[in-house]
Asks: 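Provided herewith is a single structure, encoded as structure tokens, for subsequent inquiry.
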Protein chains: 2
Amino acid sequence: MDRRQKKTRQAVYDAFTGLLKKKNYSVITIQEIIDKADIGRSTFYSHFETKDDLLKSLCTEVFEHIFSTELEKETTHDFSHDHGTEACVTHILYHLKEHMDFMAGILSGDGGDLFMGYFKVYLEKLFGHAVRDMSSGIPADYMLNHMVCDFAETVRWWTGHPEYTPDEISGFFFETTPIK
Amino acid sequence: MDRRQKKTRQAVYDAFTGLLKKKNYSVITIQEIIDKADIGRSTFYSHFETKDDLLKSLCTEVFEHIFSTELEKETTHDFSHDHGTEACVTHILYHLKEHMDFMAGILSGDGGDLFMGYFKVYLEKLFGHAVRDMSSGIPADYMLNHMVCDFAETVRWWTGHPEYTPDEISGFFFETTPIK
DNA sequence: ATCAAAACCGAACAAAGTGTTCAATATCTA
DNA sequence: TAGATATTGAACACTTTGTTCGGTTTTGAT
């Protein structure tokens, strides 16, 4: 990728996350972003379609990085046998901790729900296999949604209580979820 | 309340819920609402500050109606002893079913998260007492959030699978939540 | 070093939506 | 009926968005 593009994207990402620490997503203006990033208006629009698109791009970048390892394992081996859901979840939590700043910023205000939506797409892939053979009276559909939301909300809660370690959070999650 | 005001509010509510069946919350325009409600622009603004305020008012009206009974019981008697969390939840679910149309509309697109936010405020009041004396290693804070989100997401899932009865949904909820 | 391609700039523009104002009109309640 | 209150609708300023385009700078390959 062209060096200029990389620099521009990074400048936008930095400006955006910087603004997120001070104000809510919905009140952030594209004008503010390009002012802070110090780029031209048309440049922004040559990279991103809208503000939502920017958020989506940023989320995708973060999630691709975090989930790439775990999702590989999941497709090549048997997910729940290989190393267990618990180890996998803890691993994810350690990765997420590195992005705590961005997550806390976006999750503290509106726009957090957009983040949650993108997050859940990846979680569905991750938990998809673990739910297959639950021969209870509960729809697999419901079960998957339950796990995904449960974990996503745990992470949201975590951003408001960053004093806990990934292992502690993992503990909370598995003590309150029906799947081990 | 003045008969005119009542009529105006109802017309706006109807127009709004009607539009929600056809398009997402975020793309609905105030102009569309007042056109469909057949009221003047300034009239809308004398009733509601913004579109979000309208949604909030509508949610509040619905929730006040649904939760008033249960929240009364909760303050006067011992919540978990009197009739049990399970009966209470089922009761709420029966009430919610009456508003399935509105819920499905708002929850199917964006704006659903706003609904969820208002919903959770009431659920916190409802579940607040049930969480008090959980002497496990889990923060009561986390536990309450878990229950609230769990139930709210169950309801969201329900609006996408309205073929299930309130009792079935209640069953799903209590089989996957650590609190009985 | 050169040069064509690609990225960036930035001012100007149209379009859409927001929220306010105000004088005239209609409706309600007592 | 009369005074109070609610509604009307057009006009307005304002904000933000997304696009356009001619000119400038940077890049990467030869």
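Sequence lines set the chain letters: A, B, ... in the order given, protein chains first and strands last, and positions in each chain run from 1.
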Asks: Quick one: B:Gln5 CD to D:dT8 P, roughly how many Å, whole number?
Replies: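 Taking atom P of D:dT8 as the reference, CD of B:Gln5 is at 12 Å.
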Asks: Each nucleotide in nucleotides 17-30 of chain D should get exactly one letter: B, S or -. Can you fill that in based on protein heavy atoms under 4.0 Å?
Replies: BBBB----BBSS--
Asks: Could you report the tightest heavy-atom contact between A:Glu168 and A:Glu163, atom names first, then the distance?
Replies: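 Here A:Glu168 and A:Glu163 meet closest at OE1-O, 4.4 Å.
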Asks: Salt bridge between A:Glu153 and B:Lys120, side-chain N to carboxylate O under 4.0 Å?
Replies: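 Salt bridge: yes.
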Asks: Going through the distances and angles, do A:Thr154 and A:Thr177 end up as a side-chain contact (heavy atoms from CB on, under 4.5 Å)?
Replies: CA-CA 11 Å; A:Thr154 294; A:Thr177 210; over 6 Å; no
Asks: If we count only N and O atoms by modelled type, under 3.5 Å, do the side chains of A:Tyr25 and A:Asp52 hold a donor and an acceptor together?
Replies: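 There is such a pair (donor and acceptor under 3.5 Å, judged by atom type) between the side chains of A:Tyr25 and A:Asp52.
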Asks: Do the ring centers of A:Phe173 and A:Trp158 come within less than 6.0 Å of each other?
Replies: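 No, ring centres 6.0 Å or more apart.
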Asks: What is the distance, rounded to the nearest whole Å, between atom CG of A:Asp52 and atom P of D:dT16?
Replies: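 Going from CG in A:Asp52 over to P in D:dT16 covers 16 Å.
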Asks: Check the distance between D:dT7's P and B:Ile34's CD1 and give it to me in whole angstrom.
Replies: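 To the nearest whole Å, that distance equals 13 Å.
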Asks: Does the ring center of B:Phe63 lie less than 6.0 Å from the ring center of B:Phe115?
Replies: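 They qualify: ring centres under 6.0 Å apart.
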Asks: Are A:Met100 and A:Leu19 grouped together when hydrophobic residues (ILVMFWY) are joined by side-chain heavy atoms under 4.5 angstrom apart?
Replies: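 Yes, it is one cluster - the side chains of A:Met100 and A:Leu19 are joined through contacts under 4.5 Å.
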Asks: 5'-most contact on DNA chain C: B:Val27 or A:Arg9, nearest heavy atom basis?
Replies: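 In this pair, the answer is A:Arg9.
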Asks: Any Lys/Arg nitrogen of B:Arg156 or B:Asp113 sitting under 4.0 Å from an Asp/Glu carboxylate oxygen of the other?
Replies: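 A salt bridge is present here (some side-chain N lies under 4.0 Å from a carboxylate O).
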Asks: Give me the first and last nucleotide of DNA chain C, going 5' to 3', that has any atom under 4.0 Å from a heavy atom of chain B.
Replies: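 Listing 5' to 3', DNA chain C meets chain B from C:dG17 to C:dT29.
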